[in-house]
Amino acid sequence: MIRISHMNRLPGRVAYTFTAEVAGLVLPGCALIRREDGYGLSVPRIGAPGETRAAPLSAIMEAELLRVAVAHYKEKENG
């Protein structure tokens with residue numbers, strides 16, 4: 001399950017920042033980025049300062065998060 005909350009719309013290349021919950025893992029500081037060919041996703045690193053690592057998301061989870069984030073963004077823009 002993917003849930004998006006705390007959306008902050010921004011001008012420019014970054015469409016918005018948000019907190020995502022993916023399979024029970026909370027990821028604050030995600031960003032949906034506009035690109036010429038569509039959208040990209042920035043997922044924060046997790047862990048203690050100096051010991052951070054990439055969030056443990058599979059390629060499928062990342063793709064689904066991007067799909068949900070884009071759909072959520074378009075819904076907010078058009079609604």
key: Evaluation steps, side chain to side chain contact (heavy atoms under 4.5 Å, CB included), between Leu41 and Val43   = CA-CA 6 Å; Leu41 184 66; Val43 178; 3.8 Å; yes
inquiry  = I'd like to know whether Arg67 forms a salt bridge (Lys or Arg N to Asp or Glu O under 4.0 Å) with Glu64, so could you lay out the CA-CA distance, the side-chain angles of the two residues, the decisive distance to 0.1 Å, and finally the verdict.
reply    = CA-CA 5 Å; Arg67 185 193 67 75; Glu64 184 64 8; 2.6 Å; yes
task = Kindly indicate, with the supporting measurements, whether the criterion side chain to side chain contact (heavy atoms under 4.5 Å, CB included) is fulfilled by Glu21 and Met1.
result = CA-CA 8 Å; Glu21 184 177 337; Met1 177 176 140; 5.8 Å; no
task = May I have the step-by-step check of side chain to side chain contact (heavy atoms under 4.5 Å, CB included) for Val14 and Leu32, ending in yes or no?
result = CA-CA 6 Å; Val14 176; Leu32 182 66; over 6 Å; no
request  = Apply side chain to side chain contact (heavy atoms under 4.5 Å, CB included) to the pair His6 and Phe18, showing each step before the final yes or no.
outcome  = CA-CA 5 Å; His6 300 90; Phe18 58 97; 6.0 Å; no
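Closest of all the heavy-atom pairs between Gly29 and Thr19 is N-OG1, 4.5 Å. Across every non-hydrogen atom of Gly47 and Arg53, the tightest pair is CA-NH1, 4.1 Å.
In terms of modelled atom types and a separation under 3.5 Å, the side chain of Arg45 and the main chain of Ala55 share no donor-acceptor contact. Formation of a donor-acceptor pair under 3.5 Å by the Arg13 side chain with backbone atoms of Ile33 is not found in this model.
Between Ser42 and Cys30, the closest side-chain pair of non-hydrogen atoms is not below 4.5 Å. The closest side-chain heavy-atom distance from Ile46 to Leu27 is below 4.5 Å.
Annotation: Arg3, atom CZ; neighbour count of heavy atoms from other residues, nucleotides and ligands within 6.0 Å does not exceed 12.
Below 30°, between 30° and 60°, or above 60°: for Tyr16 and Tyr73 the angle between ring planes is below 30°, a parallel geometry.
Going from atom CD1 of Ile2 over to atom CG of Leu25 covers 11.0 Å, rounded to the nearest 0.5 Å.
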